[in-house]
Amino acid sequence: NPLKSFFESKTMQNFYKKACDPKHDAFFNNTLPTLETVASTLCYIVSTEKQDGIPREQKNVLQWQNVLSGVAGIAIGSVANRKVTKFANKLVPLIDKEHIEDVHKVVAGTKVALPLIATALLMRLVMPVVVAQASTMIEDHRRAKKNQKIDVKA
């Protein structure tokens, strides 16, 4: 099986060792969401472009929404992730270690879950409202400029 041999290869084993190293937690917490955002944004843009049932002017607005959401997700999410990670690091010493059996699981969960929850709330509750307005304004501005150029030529 080529897929199995790929995942068992020396290269992938070295990647697993680096990815599972606790020293790299912060790097992966900040990098993987960025890569996921870029990939999902590109998929949405391509998917929107391929849809025949969506008029061209609506495709532009939807694509602007995807791009703005992606950029905002990378920028704001990264900043929020760092701030919440600092808060989680301050919170961890306050955990009552005497009454919790697997304190290392609670600590690891706190360091991973708090940034994830904060970023998810920001991206799912706040950003859609802001981005919908911004993308509409950008598309209206683009159309006005396009119409202005057409009027000047006529």
Side-chain angles (χ1 to χ4, degrees), residues 1-91 105 107-154:
N1 185 353
L3 195 58
K4 182 180 178 186
S5 61
F6 170 73
F7 285 109
E8 292 176 351
S9 69
K10 188 167 183 88
T11 305
M12 286 306 293
Q13 293 302 317
N14 287 337
F15 173 76
Y16 293 146
K17 286 179 186 175
K18 289 181 182 178
C20 295
D21 187 355
K23 291 183 246 173
H24 296 102
D25 280 350
F27 173 76
F28 283 109
N29 274 349
N30 287 323
T31 305
L32 291 179
T34 301
L35 294 176
E36 182 271 333
T37 300
V38 169
S40 63
T41 299
L42 290 174
C43 288
Y44 281 125
I45 289 171
V46 170
S47 176
T48 302
E49 190 62 37
K50 288 183 177 183
Q51 294 295 322
D52 293 333
I54 302 174
R56 179 78 237 158
E57 60 274 357
Q58 288 179 349
K59 284 183 183 182
N60 290 339
V61 173
L62 290 171
Q63 289 171 336
W64 274 113
Q65 285 178 351
N66 288 319
V67 169
L68 291 174
S69 293
V71 170
I74 291 169
I76 296 171
S78 179
V79 171
N81 194 357
R82 280 192 227 115
K83 297 286 186 192
V84 174
T85 301
K86 284 182 183 177
F87 172 74
N89 288 337
K90 290 179 183 177
L91 183 68
K105 289 181 182 178
V107 167
T110 302
K111 287 184 177 181
V112 171
L114 281 180
L116 183 65
I117 291 169
T119 304
L121 287 174
L122 177 74
M123 293 306 296
R124 297 295 175 211
L125 297 178
V126 177
M127 291 312 299
V129 175
V130 174
V131 167
Q133 287 295 330
S135 64
T136 304
M137 289 175 15
I138 289 171
E139 184 59 21
D140 288 345
H141 180 71
R142 188 189 70 79
R143 288 179 190 164
K145 284 215 172 226
K146 184 178 178 182
N147 290 339
Q148 186 180 25
K149 287 180 185 177
I150 292 172
D151 290 342
V152 171
K153 290 180 182 178

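Computed from a prediction, not measured in an experiment: that's the story for all the values here. Worth knowing before you read on, the calculation uses all heavy atoms, side chains too, and leaves out hydrogens, waters and symmetry mates.
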Nearest 0.5 Å please: distance from the [atom1] atom of [X] over to the [atom2] atom of [Y].
| X | Y | atom1 | atom2 | answer |
| --- | --- | --- | --- | --- |
| Thr136 | Trp64 | OG1 | CH2 | 12.5 Å |
| Glu8 | Leu3 | CD | CG | 10.0 Å |
| Ser135 | Asn60 | OG | CG | 10.5 Å |

Set of side-chain hydrogen bond (donor to acceptor under 3.5 Å, both in side chains) partners for Gln51, sequence neighbours left out: none
Any Gln65 side-chain heavy atom under 4.5 Å of Gln133 side chain: no
Minimum-distance pair of heavy atoms, taken over all atoms of Lys59 and Ile54: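 Between these two residues, the closest heavy atoms are CE-O, 3.2 Å.
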Shortest non-hydrogen contact from Val131 toward Leu68: CG1-CB, 3.9 Å
Check: Ser47 side chain, Cys43 main-chain N or O, donor-acceptor pair, under 3.5 Å: no
Flag, side chain of Gln63 to backbone of Val46, donor-acceptor distance under 3.5 Å: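 Pair absent, no side-chain N/O of Gln63 close to backbone of Val46.
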Test side-chain contact (heavy atoms from CB on, under 4.5 Å) applied to Glu49 and Arg56, step by step: CA-CA 9 Å; Glu49 190 62 37; Arg56 179 78 237 158; 2.7 Å; yes
Crowding at CE, Met12 (>12 non-hydrogen neighbours, <6.0 Å): yes
Asn147 and Arg143: side chain donor to acceptor below 3.5 Å: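 On atom types as modelled, these side chains do not qualify, holding no pair under 3.5 Å.
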